[in-house]
Amino acid sequence: MTTTEESYSFNRHVLAYIHQAAELGLYDIRGLGAKRVLPTFDDLVFLTASLSRYPLEGYRERCRTQTVLGTRFAKKPIHLAIPITVAGMSFGALSATAKEAIGRAATELGTSTTTGDGGMTPEERRASKTLVYQCLPSRYGFNPDDLRKADAIEVVVGQGAKPGGGGMLLGQKISARVAEMRTLPAGIDQRSACRHPDWTGPDDLAIKIGELREITDWQVPIYVKIGASRVTNDVKLAIKSGADVIVLDGMQGGTAASQQVFIEHTGIPTLAALRQAIEALEEMKMVGQVQLVISGGIRTGADVAKALALGADAVAIGQGVLMALGCNSRWYGTPDHRTDAAADYERLGTVPGSCHHCHTGLCPVGITTQEADLEARLGVDDGARWLRNYFNVLTMELTTLARACGKSDVHHLEREDLVALTVEAAAMAKVPLAGTNWIPGL
Amino acid sequence: MAVVNSAVQLDLAKKSVRELNQFLHGDLAGRGIQRVEVLNPGGVHNLAVGLDADVDVDIRGHAGYFIAGMNKQARVTVHGNVGWSVAENIMSGVVRVRGNASECAAASGHGGLVVIAGDASSRCGISMKGCDIVVGGSVGHVSAFMAQAGRLVVCGDAGTGLGDSLYEAVIYVRGKIRSLGADAREEPMTDADRAVVSRLLDQAGINHAASEFKRVASARALYHWNSDAHQAY
Ligand code: SF4
C-alpha cells in the first residue's frame with residue numbers, strides 16, 4: 001500500500017522551503033504582506049440599530065466622513081474628505097506612473113498620499129494635493145526643499161511587515177533615475193538602514209521632531225509611523241516625543257521587498273495592535289489630541305468602519321491600493337482592450353492571485369517596475385479611476401455601516417458597536433464575544 | 001536684537017530658539033543682513049536649522065543637537081562644542097565647529113562642507129550622500145557607515161569599523177585606523193586623492209601634508225546580495 005499521509009509539521013510547504021534552502025542557500029525575499037491565517041477585522045461584527053438604537057436613512061440622511069489629522073501642534077492640520085488615506089510607497093518600489101495615478105486619485109478623493117523610501121518626485125507632488133513626506137532611516141533623496149513642500153511629515157520608525165528591519169531594493173529595480181534620486185550607483189542592491197542615522201531612542205526623537213518643526217516653522221503636522229510590536233510602549237513614547245499623529249502598521253502590512261521570515265513571523269496583527277494603541281492614548285489622555293492612523297491589511301469598507309469603531313481616526317492602505325491598480329489581476333489594460341498577462345506571471349514562477357514578486361521589478365501589470373515596457377501597461381487615467389472607484393466603494397460601505405449604527409458621522413462609531421466572533425478576536429479587540437458579555441482577560 | 005560690527009546679535013538668554021530660527025528663515029538678503037551672531041546658546045538644540053541664505057552665522061558658545069541641520073548656502077560657525085548630528089543632511093554651505101562634535105556629525109549630508117576642528121564621536125559621516133567632512137582630530141567607531149558619496153578627511157585616528165558597508169564615499173585618514181568595517185579596504189593614494197585632500201584641508205584651514213593620509217574606499221563586494229557574506233551586511 002502506498003503511504004500518502006502528509007506530515008502536519010513537515011507538510012509540502014515546509015518541505016519545499018527546506019529543499020530550496022538546502023539547494024540554494026538563500027532565504028526568500030518577497031513583496032506584499034503576511035499570507036498566514038491571522039485574527040482580522042473579519043472576526044468582528046457590528047451590532048447595528050434596532051429598537052435600542054435608531055438607524056439613519058441610507059439615501060437621505062448625511063453621514064459625515066471629514067477627518068482632521070495633526071491638531072496637536074501644527075499650524076496647518078490636514079483636512080481630509082474621507083478617513084481613508086494612501087500609505088507610504090516609494091518611487092523605486094513603484095513606477096512613476098503608479099505614483100502619479102495614486103496622487104491623482106487621492107487628490108480627486110480629497111485624501112492624502114505618502115512618499116516612500118526614495119524621496120519625492122515632482123510628478124507626485126504635482127499630482128497630490130495633500131502629500132505626506134516620509135523621513136526614513138535611509139534619507140534617500142531627503143532634502144529641505146521637499147520637506148517644506150510637504151503637507152505633513154512622517155518619521156518612519158518601523159513598518160508592520162518588518163518592524164525592526166531595514167529594506168533591500170534589489171538591483172533590477174534601480175534604474176538610472178531611481179539611482180540618481182538615492183545617490184547610489186544604478187543596478188546595485190540597495191540596503192536601507194533599520195535605524196535613523198542621526199538619532200536613537202525616544203529622547204533623541206523628541207529633539208529630532210523639534211528640528212523638523214523648526215525647519216518647517218511649525219506649520220505642518222508630524223506623524224510618527226511605527227511597526228506593531230511593543231505597541232503600548234511605542235505609542236506612549238511617540239506621544240511623549242511630540243508626535244501629532246501616530247501611524248501604526250500591523251503585521252499584515254505590505255512591503256516592496258522583505259525577507260519572508262520577517263513578513264510572517266514578526267509583529268502583531270493589526271486588530272490587536274489597534275486596541276493597544278487606543279489604550280495607550282487613553283492612558284495618556286491624548287485621545288482627540290493625537291490622532292491615530294491604522295494600517296496593515298485594511299481591505300474593505302467594513303475594515304475601515306471597524307477600525308474607526310475601535311478608535312482609529314483614519315486608515316492607511318497600501319496593498320489594497322496596488323490591487324485596485326491591477327495587482328494580481330490576470331489582465332492589464334481596460335476591459336475593452338485588455339491583454340492576458342498569465343505568461344508574465346508564469347515567467348516569475350507564479351500565477352495571478354498568488355503573486356508577491358514586487359521585489360523582482362518585473363510586475364506583470366506595470367505597477368512595481370522601472371522597466372518602461374512594463375510600466376506602460378498601467379495608464380495613469382485608468383489607474384486613477386480604479387483607485388477612485390475603490391476608495392469610493394470603501395467610503396460607501398463605511399457610511400452604510402455607520403448609518404446602520406445610527407451615526408451621522410463615521411467618527412462616532414464606537415467600540416460598543418462591535419462584538420467578536422472568536423475568543424481570540426474578543427481578547428485582542430477587547431469587545432465581547434458575540435451573544436455574551438464576556439471579554440476575555442477582563 | 002542689537003547690531004554690533006555689522007552683525008545682528010540675537011541673545012538666547014532673551015530670545016527663544018523659535019524666534020531665532022524664524023528670524024533666520026526670513027528675508028535676510030532683502031534686509032541687508034549678512035552676519036548674525038547668536039549669544040548665550042547654552043547648549044540648546046536645533047539652532048540655525050533649515051537655513052537657506054547667503055549669510056554667516058556665529059554661535060558663540062556650546063550648542064546641543066542638530067545644529068545647522070539641513071543647511072543650505074549659509075556659513076555657520078559654532079565657537080564651542082556641539083551635541084549629536086551637527087549639520088545633519090547638510091545640502092550646501094559650510095558648517096564649522098571650533099570644538100568637538102558628538103555623534104553622527106554631518107549624518108546623511110548631501111553637499112557642502114563640514115569642519116570639526118576637534119574630535120568627532122562615533123558615526124561621523126554616517127550615510128553621507130555627497131558632503132565633504134574634515135575632522136581636525138579623531139573620529140569614533142563606525143564612522144562613514146553606509147556612506148554613499150562625498151569625502152571624509154580625518155586628521156587624527158579612526159575608531160573601529162571605519163567605513164562599514166561603504167558605498168561610493170571615500171575616506172582619508174592621517175592617523176591610525178583601529179579597524180575597517182565590512183567591505184571597506186585601504187587603497188593606494190593617487191595624485192587625484194592628494195589634490196582632493198589638500199584642497200579640503202585648505203578649505204578647512206588645517207595644515208597637514210596630503211601625503212600623510214591613507215585612502216579607504218569600498219571593495220564593492222557587498223553591492224549585490226551575497227548569502228555567503230550575510231553577517232557582513
Ligand atoms: S502583480 Fe505586481 S504589484 Fe502585484 S504582487 Fe505581483 S509584482 Fe507586486
Side-chain angles (χ1 to χ4, degrees), chain A residues 21 24-27 29 119 135-148 166 168-172 174 179 181-201 203-219 257 259 359, chain B residues 17-18 20-22 24-25 44-52 64-67 69-72 83-91 103-111 123 125-130 145-150 165 167-169 218 220 222-228 230 233:
Chain A
L24 303 177
L26 291 171
Y27 56 25
I29 291 179
C135 174
L136 290 126
S138 73
R139 304 288 165 89
Y140 289 141
F142 196 65
N143 69 78
D145 298 327
D146 288 341
L147 191 72
R148 290 196 183 94
M168 170 80 89
L169 192 61
L170 297 178
Q172 55 262 42
I174 312 295
M181 281 182 72
R182 297 174 180 224
T183 329
L184 282 170
I188 71 167
D189 297 338
Q190 293 188 354
R191 294 155 279 163
S192 298
C194 61
R195 295 196 298 265
H196 282 259
D198 55 345
W199 62 271
T200 311
D203 293 334
D204 295 354
L205 175 59
I207 307 169
K208 179 71 193 174
I209 288 175
E211 185 210 16
L212 294 169
R213 288 200 195 282
E214 284 297 321
I215 292 172
T216 54
D217 292 319
W218 292 70
Q219 297 289 316
Q259 298 93 327
H359 59 290
Chain B
V17 173
R18 181 78 287 265
L20 168 70
N21 286 322
Q22 191 77 64
L24 292 171
H25 295 168
V44 298
H45 310 303
N46 299 331
L47 299 179
V49 294
L51 300 198
D52 188 2
Y65 283 33
F66 299 117
I67 305 307
M70 293 198 121
N71 187 64
K72 278 180 85 180
W84 278 46
S85 304
V86 63
E88 68 85 19
N89 219 97
I90 179 174
M91 304 301 293
E103 302 200 21
C104 312
S108 75
H110 285 66
R123 291 176 283 171
I126 179 173
S127 195
M128 59 193 278
K129 294 170 170 57
F145 174 61
M146 288 181 97
Q148 297 172 219
S165 305
Y167 288 106
E168 295 292 291
S218 175
R220 299 176 182 160
L222 298 182
Y223 274 21
H224 295 281
W225 168 246
N226 171 8
S227 64
D228 293 332
H230 67 97
Y233 283 86

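Keep in mind that this is a model prediction, so the values were computed, not measured. Proteins come first, then strands; the chains are lettered A, B, ... in the order of their sequence lines, and each starts at number 1.
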Visitor: Side chains of A/Asp217 and B/His25 only: does a donor on one sit below 3.5 Å from an acceptor on the other?
Guide: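 B/His25 and A/Asp217 do have a side-chain donor-acceptor pair below 3.5 Å.
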
Visitor: Which bit of A/Asp204 comes within less than 4.5 Å of chain B, counting heavy atoms only: side chain, backbone, both or neither?
Guide: both

Visitor: Could you tell me the separation between the OG atom of B/Ser108 and the NE2 atom of A/His196, rounded to the nearest 0.5 Å?
Guide: 10.5 Å

Visitor: Nearest 0.5 Å please: distance from the NZ atom of A/Lys208 over to the OG atom of B/Ser85.
Guide: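 Here the rounded value is 7.0 Å.
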
Visitor: Please classify the contact of B/Phe66 with chain A as side chain, backbone, both or neither, using a heavy-atom distance under 4.5 Å.
Guide: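 Looking at B/Phe66, backbone and side chain both touch chain A.
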
Visitor: So what's closer than 4.5 Å to chain A heavy atoms on B/Arg123: side chain, backbone, both or neither?
Guide: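 Side chain only.
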
Visitor: Relative to chain A, which of B/Leu47, B/Asn46, B/Val49 shows the most heavy atom pairs under 4.5 Å?
Guide: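 So the answer, after comparing B/Leu47, B/Asn46, B/Val49, is B/Asn46.
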
Visitor: Taking all non-hydrogen atoms of both residues into account, name the closest pair between B/Gly69 and A/Glu211 and its distance.
Guide: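 Taking every non-hydrogen atom into account, CA-OE2, 3.3 Å.
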
Visitor: For B/Glu168 and A/Pro185, which heavy atoms make the closest approach, and how far apart are they?
Guide: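 Heavy-atom minimum between the residues: CG-CG, 3.8 Å.
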
Visitor: Please flag which part of B/Met70 lies under 4.5 Å from any non-hydrogen atom of chain A: side chain, backbone, both or neither.
Guide: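 The answer is both parts of B/Met70.
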
Visitor: Where on A/Leu147 is there a heavy atom nearer than 4.5 Å to chain B: the side chain, the backbone, both, or neither?
Guide: side chain

Visitor: Is there a side-chain contact (heavy atoms from CB on, under 4.5 Å) between B/Trp84 and A/Ile207? Walk through the geometry before answering.
Guide: CA-CA 10 Å; B/Trp84 278 46; A/Ile207 307 169; over 6 Å; no

Visitor: Please state whether the side chain, the backbone, both or neither of A/Arg148 comes within less than 4.5 Å of a heavy atom of chain B.
Guide: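 For A/Arg148, the side chain is the part near chain B, not the backbone.
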
Visitor: Are B/Lys72 and A/Asp145 close enough, and set up right, to give a side-chain contact (heavy atoms from CB on, under 4.5 Å), and what steps lead you there?
Guide: CA-CA 10 Å; B/Lys72 278 180 85 180; A/Asp145 298 327; 2.6 Å; yes

Visitor: Which atom names give the shortest non-hydrogen contact between A/Ala193 and B/Met146, and what distance separates them?
Guide: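 In terms of heavy atoms, the two residues are closest at CB-SD, 4.0 Å.
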
Visitor: Counting only non-hydrogen atoms closer than 4.5 Å, does A/Thr216 touch chain B with its backbone (N, CA, C, O), its side chain (CB onward), both, or neither?
Guide: neither

Visitor: So how far is it from B/Asn21 CG to A/Arg213 CZ, rounded to the nearest 0.5 Å?
Guide: 14.0 Å

Visitor: Is there side-chain contact between B/Gln148 and A/Tyr140, with at least one heavy-atom pair below 4.5 Å?
Guide: yes

Visitor: Output the distance between atom CZ (A/Arg139) and atom CD (B/Glu88), rounded to the nearest 0.5 Å.
Guide: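 Nearest 0.5 Å value for the CZ-CD distance: 6.0 Å.
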
Visitor: Taking atom CZ of A/Arg182 and atom OH of B/Tyr167, what is their separation to the nearest 0.5 Å?
Guide: 10.0 Å

Visitor: Between B/Ser127 and A/Pro197, what is the shortest heavy-atom contact and its length?
Guide: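 Looking at all heavy atoms of both residues, the closest pair is CB-CB, 4.1 Å.
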
Visitor: Which answer fits B/Asn71, side chain, backbone, both or neither, if we ask what part of it has an atom under 4.5 Å from a heavy atom of chain A?
Guide: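 For B/Asn71, neither part sits under 4.5 Å from chain A.
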
Visitor: With distance as the sole test, does B/Asn89 use its side chain to make a donor-acceptor pair with the main-chain N or O of A/Phe142 at under 3.5 Å?
Guide: yes

Visitor: Please say whether more than 12 non-hydrogen atoms of neighbouring residues, nucleotides or ligands are located less than 6.0 Å from CZ in A/Arg195.
Guide: no

Visitor: Rounded to the nearest 0.5 Å, how far apart are CD1 of A/Ile215 and CG of B/Leu51?
Guide: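 CG of B/Leu51 is found 9.0 Å from CD1 of A/Ile215.
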
